[in-house]
Amino acid sequence: MPKHAFLGMGIMGAAMAANLGRSGLVTNVWNRTTTNPGIQIAKKAGCNVTKSIEEAVNNVDFIFICVSDAPDVEKVLFSSEGVVENAKKGSLIIDFSTIGTKAAKSLGLRLKEIGLRFLDAPVSGGDSGARNGSLTIMVGGTDKDFSDSLTLLKVLGKNIHHCGPVGSGQAVKLVNQILCGINMVALSEAMRLAEIQEIDPNLVVEICSTGAAGSWALSNLGPKMIQSDFSAGFKVKDMLKDLRLVNEELSGRENFSGVNLAQKLFELAITTFPQGQGGLKGTQSMVLAYKNGLQNKLP
Ligand code: NAP
């Protein structure tokens, strides 16, 4: 039976690895910080916890990665104790992290040169989608690598799309992040206007989610805003990373004022928490920028 490795037991990685474990797939898991609660989530689902990348990828055919940003994926892959030093030739690396189009293309080329296969496969659907195995997965890579991975990806997601060559998954994901980031501005303003008009905010979720204004954010994050539950889900620091990646992709060619506005509002939301905490909160915390009148400071 083929063996699998999953590197990065954060909110998303742990939930995804747990789904592989529960499906009876032999899955070695590794996380940099051994106290991350994700390790226990994966262990309870039947995954084998390993102490190093070397141990995790030893003799496996598929290597999944879900860490934060491009430099983190690079470190997991290319450090002296990383994947490249220890993976068997021909293994297929599938990276779920959101790292941007350019980084994925560059990693794909470097890995190909040394005989390793690579798919970029960023995901959408949030922590709940990762837990339920209902993620949307946007895949970039060759037809063969995509078809070889499809059975496994179907354990993790419901909507698996082959977008084109390596980098294409990230390209679609950056588009997705514009929609998610700016949608949060709309959701925060909608909730604030309901509050100003003394309307029960539960009505906003109940009524607006059934009409043309419905969205994943309204249905899933609207209730969290109402309960003042600002725990992540999807961390503000990661949304800011993704909007930064959008701007890097634009590289000054065009100015997307919606993206820039969302960026500023997320930065303001961070300031509503004690230092260092705001970036680790969920993206729904943007509503706090409005509750605190901070949006009035914007030009
Ligand atoms: P998270 O909970 O913060 O987890 C990040 C993981 O990355 C942790 O396991 C962390 O390990 C690991 N990591 C970070 N830097 C590392 C490095 N240099 N070397 C090794 N490991 C490193 O984040 P997440 O929410 O799971 O998100 C992971 C990725 O999925 C991100 O790219 C994010 O943008 C994307 N994503 C997230 C969501 C969501 O709803 N959460 C949805 C779609 C896509 P430690 O425990 O050692 O810090």
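Both counts, for ligands and for their atoms, begin at 1 and track the order of listing. Here the structure is a predicted model, which is why all the values come from computation and not from measurement. Just the heavy atoms: all of them, side chains too, but no hydrogens, waters or symmetry mates, feed the values below.
Judged by distance alone, with hydrogens and angles left aside, the side-chain atoms of S285 form no donor-acceptor pair with the main-chain N or O of F230 at under 3.5 Å. Side chain of K235 to main chain of T283: no donor-acceptor pair is present (N/O by atom type, distance under 3.5 Å, no hydrogens or angles). In this structure, the side chain of N28 engages the main chain of A56 through a donor-acceptor pair within 3.5 Å.
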For ligand 1, output the ligand-protein N/O contacts shorter than 3.5 angstrom; if there are none, return none.
residue  : atom   : partner : partner atom : Å
ligand 1 : 2 (O)  : I11     : N            : 2.9
ligand 1 : 2 (O)  : K235    : NZ           : 3.3
ligand 1 : 3 (O)  : K235    : NZ           : 2.6
ligand 1 : 9 (O)  : M9      : N            : 3.3
ligand 1 : 9 (O)  : G10     : N            : 3.1
ligand 1 : 9 (O)  : N31     : OD1          : 2.6
ligand 1 : 15 (N) : D72     : OD1          : 3.3
ligand 1 : 18 (N) : R32     : NH1          : 3.3
ligand 1 : 18 (N) : D72     : OD1          : 2.9
ligand 1 : 26 (O) : I11     : N            : 3.2
ligand 1 : 26 (O) : M12     : N            : 2.8
ligand 1 : 32 (O) : V67     : O            : 3.1
ligand 1 : 32 (O) : S68     : O            : 2.8
ligand 1 : 32 (O) : T98     : N            : 3.0
ligand 1 : 32 (O) : K241    : NZ           : 3.3
ligand 1 : 34 (O) : K241    : NZ           : 2.9
ligand 1 : 41 (N) : G233    : O            : 3.1
ligand 1 : 46 (O) : N31     : ND2          : 2.8
ligand 1 : 46 (O) : N36     : ND2          : 2.8
ligand 1 : 47 (O) : R32     : NE           : 2.9
ligand 1 : 47 (O) : T33     : N            : 3.0
ligand 1 : 47 (O) : T33     : OG1          : 2.4
ligand 1 : 48 (O) : R32     : NH2          : 2.9

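Using cut-offs of 30° and 60° for the angle between ring planes, the H4 and F64 rings count as parallel.
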Set out, in order, the CA-CA distance, both residues' side-chain angles and the distance that settles side chain to side chain donor-acceptor pair (under 3.5 Å) for N247 and R244, then state yes or no.
CA-CA 5 Å; N247 270 325; R244 186 201 82 221; over 6 Å; no

Exercise answer: donor-acceptor pairs, residues 250-257 side-chain atoms, under 3.5 Å, sequence neighbours excluded:
residue : atom : partner : partner atom : Å
R253    : NE   : L250    : O            : 3.0
R253    : NH2  : E249    : O            : 2.5
N255    : OD1  : N260    : ND2          : 2.7

